Amino acid sequence: MRHEQRILWYAFLAGVPGSSIAMIILWSGDYTPKVQWTLSVVILAVWLGASLGVRQRVVFPLQTLSNLLAALREGDYSIRGSSARNDDALGDVAREINALADTLRWQRMDALEATALLQKVMEEIDVAILSFDEHDKLRLINRAGEHLLNRPWERLLGAGAEELGLASCLEGDTPRLADFGISGRWEIRRTSFRQGGLPHRLLVLSDLSRTLREEERKAWQRIVRVLGHELNNSLTPISSISSSLTSLLSRDTRPEDWEEDVRRGLTVISTRSQSLGQFVESYSRLARLPQPKPELVEVDPLIRRVAGLETRLDVDLDPGPAVTIRADGGQIEQLLINLLRNAVDASLETGGGVRAGWERSGAHLDIWVRDEGPGLPNTANLFVPFFTTKKGGSGIGLVLSRQIAEAHRGSLTLENRQDGQGCMARLRLPVWPQMS
């Protein structure tokens, strides 16, 4: 009976090849027909049982893993594989796929939330956002873009930039200001991105007309307020003195010193009229600043010449490198005169000194003026027209100086010093390499 058991063991271990060999040995051996048929049935039963066991342990888990991967590929991250023993390799694979499904589900949730937030922002933002594909066809537009083009998005998507009147916005440098057939003044910004491997262009249009109108209204309010203040300061005493003089001259009996009263009154009227005329002239200068006429200007002699014009206080110089810039020499000289005059005025209040100098900073030239005055209590209104902290000041000098700096593509700043008492004014001008 041991031979029969060995044959069944071979069949169980070897599967189909083992079963085939066991059958050959069985039927070629010296066995009775009853034994041969009985063992054949047993071998077949063992083989079928082993096959079902292998299918249960291998094929079904593989099918489960295949279904899990197919669900992940379709974007369904809710399906999970059943738990398995720790020593089961296919079970380990199933657990890793479950962990991957959890990770992908959270990532998709984050992406959906971020996309929803982006859509909300695009809908609520007061800026027109449009996306065009490589054929200049509109593929995305927000609510502000619909209002801009005065059509719903269903009728806009797929339309060409030429048809929408935005072809010029997809060309040229950005950012820039332009009028392109749509009411108002618009700022154009453009960038590129890829979607689905294809190039797209994102067009951002900002309506500046409302902002410009608001700033214009505020500017007019400031001008009217300043003009009204200055006119009242001059016209009120003129009106009062004129009424007093008229009343004096209409009397039948006048005081002995009436001529002196008339003379003083007329002097006051004349003085206030001159002040009012100077104010109007200052305003005119601010409004009609001419365009700079560039020429080659050597910085060293220019600053030394301006410093020598100040006679109330010696200005100490910290010379910088020899630099030649292309600028309007007269305007830059006037700007530096204003800065040095303000610095000396401040230093005279405290008995301090004034120091000026210049230095090269990359493609720019920095000219600075430091004083040892009391400093500035408030720097917010320094460049507001007609605002002044000095008694008898016109509030024009710094505004005019900044206009000159910006007309030369530069900048002018004034701030309290960090290394001591006083202020520092810094003029930054561009320097062309071929000119230095």
Side-chain angles (χ1 to χ4, degrees), residues 118 121-151 153 156-216 219 289-296 325-328 331-332 360-366 383 402-413 426-436:
L118 179 61
V121 172
M122 287 184 58
E123 290 299 324
E124 298 300 329
I125 194 172
D126 192 20
V127 174
I129 301 177
L130 307 94
S131 172
F132 293 87
D133 60 16
E134 70 275 17
H135 302 298
D136 291 345
K137 300 294 184 181
L138 183 66
R139 297 304 176 192
L140 180 145
I141 186 171
N142 67 341
R143 186 181 303 166
E146 295 180 54
H147 295 330
L148 173 65
L149 300 177
N150 198 25
R151 276 183 281 176
W153 63 270
L156 292 172
L157 294 184
E162 188 73 29
E163 177 185 351
L164 299 175
L166 300 175
S168 61
C169 299
L170 298 178
E171 302 174 354
D173 297 331
T174 58
R176 71 176 189 270
L177 297 178
D179 296 312
F180 42 85
I182 302 174
S183 59
R185 191 72 168 166
W186 295 80
E187 182 187 39
I188 302 174
R189 291 181 178 271
R190 189 178 64 249
T191 186
S192 301
F193 68 98
R194 301 187 74 86
Q195 184 178 14
L198 300 176
H200 287 66
R201 284 185 287 183
L202 188 68
L203 182 63
V204 180
L205 302 175
S206 304
D207 185 7
L208 301 181
S209 57
R210 184 185 307 170
T211 303
L212 292 175
R213 285 193 299 269
E214 182 66 19
E215 291 300 321
E216 183 180 5
L289 178 68
Q291 289 294 323
K293 298 179 181 179
E295 58 183 359
L296 296 181
I325 61 175
R326 188 172 179 82
D328 189 318
Q331 291 188 6
I332 298 298
R360 178 76 178 268
S361 177
H364 295 87
L365 170 70
D366 289 339
F383 296 97
R402 170 173 277 188
Q403 285 193 1
I404 292 174
E406 293 178 349
H408 286 78
R409 298 183 180 179
S411 63
L412 176 63
T413 59
R426 182 179 296 273
L427 170 64
R428 170 163 287 193
L429 296 172
V431 176
W432 287 265
Q434 66 271 21
M435 294 299 178
S436 61

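Values in this document were obtained by computation on a predicted structure and should not be read as measured data.
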Could you walk me through whether Arg360 and Val431 pass the side chain to side chain contact (heavy atoms under 4.5 Å, CB included) test, one step at a time? CA-CA 9 Å; Arg360 178 76 178 268; Val431 176; 3.8 Å; yes
For residues 159-174, pull every pair meeting salt bridge (charged side-chain N to carboxylate O under 4.0 Å, His left out), keeping only residues two or more places apart or in separate chains.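 Listed by first then second residue: nothing to list.
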Any salt bridge (charged side-chain N to carboxylate O under 4.0 Å, His left out) involving residues 128-141? Give me the pairs, sequence neighbours left out, ordered by first then second residue.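 Applying salt bridge (charged side-chain N to carboxylate O under 4.0 Å, His left out) to every pair that reaches into residues 128-141, excluding sequence neighbours, yields Asp133-Arg139, Asp136-Arg201.
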I'd like to check Leu149 versus Leu130 (side-chain heavy atoms, cut-off strictly below 4.5 Å). Are they in contact?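 Side chain of Leu149 against side chain of Leu130, heavy atoms only: contact under 4.5 Å found.
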Rounded distance [0.5 Å steps], [atom1] in [X] versus [atom2] in [Y]:
X	Y	atom1	atom2	answer
Ile129	Leu140	CD1	CG	8.0 Å
Gln403	Leu412	CD	CG	11.5 Å
Leu157	Ser131	CG	OG	10.0 Å
His364	Leu429	NE2	CG	9.0 Å
Asn150	Leu148	CG	CG	9.5 Å
His147	Asn142	NE2	CG	9.0 Å

For His200, all residues meeting ring-ring contact (aromatic ring centres under 6.0 Å, His included), sequence neighbours excluded: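 Applying ring-ring contact (aromatic ring centres under 6.0 Å, His included) to His200 gives Phe193.
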Sub-3.5 Å donor-acceptor pair from the side chain of [X] to the main-chain atoms of [Y], do we have one?
X	Y	answer
Arg190	Gly172	yes
Asp126	Ala144	no
His408	Ile404	yes

Just do the side chain to side chain contact (heavy atoms under 4.5 Å, CB included) check on Lys293 and Gln331 with the steps written out, would you? CA-CA 9 Å; Lys293 298 179 181 179; Gln331 291 188 6; over 6 Å; no
Only counting residues at least two apart or in another chain, list the ones meeting side-chain hydrogen bond (donor to acceptor under 3.5 Å, both in side chains) with [X].
X	result
Arg428	Asp366
Arg151	none
Glu187	Arg189
Arg176	none

Is there a side chain to side chain contact (heavy atoms under 4.5 Å, CB included) between Leu138 and Leu166 once you walk through the steps? CA-CA 10 Å; Leu138 183 66; Leu166 300 175; over 6 Å; no
Taking all non-hydrogen atoms of both residues into account, name the closest pair between Asp328 and Pro292 and its distance.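 That closest heavy-atom pairing would be OD2-CA, 3.4 Å.
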CA sep, side-chain torsions, deciding dist, call: Cys169, Leu205, side chain to side chain contact (heavy atoms under 4.5 Å, CB included): CA-CA 9 Å; Cys169 299; Leu205 302 175; 4.3 Å; yes
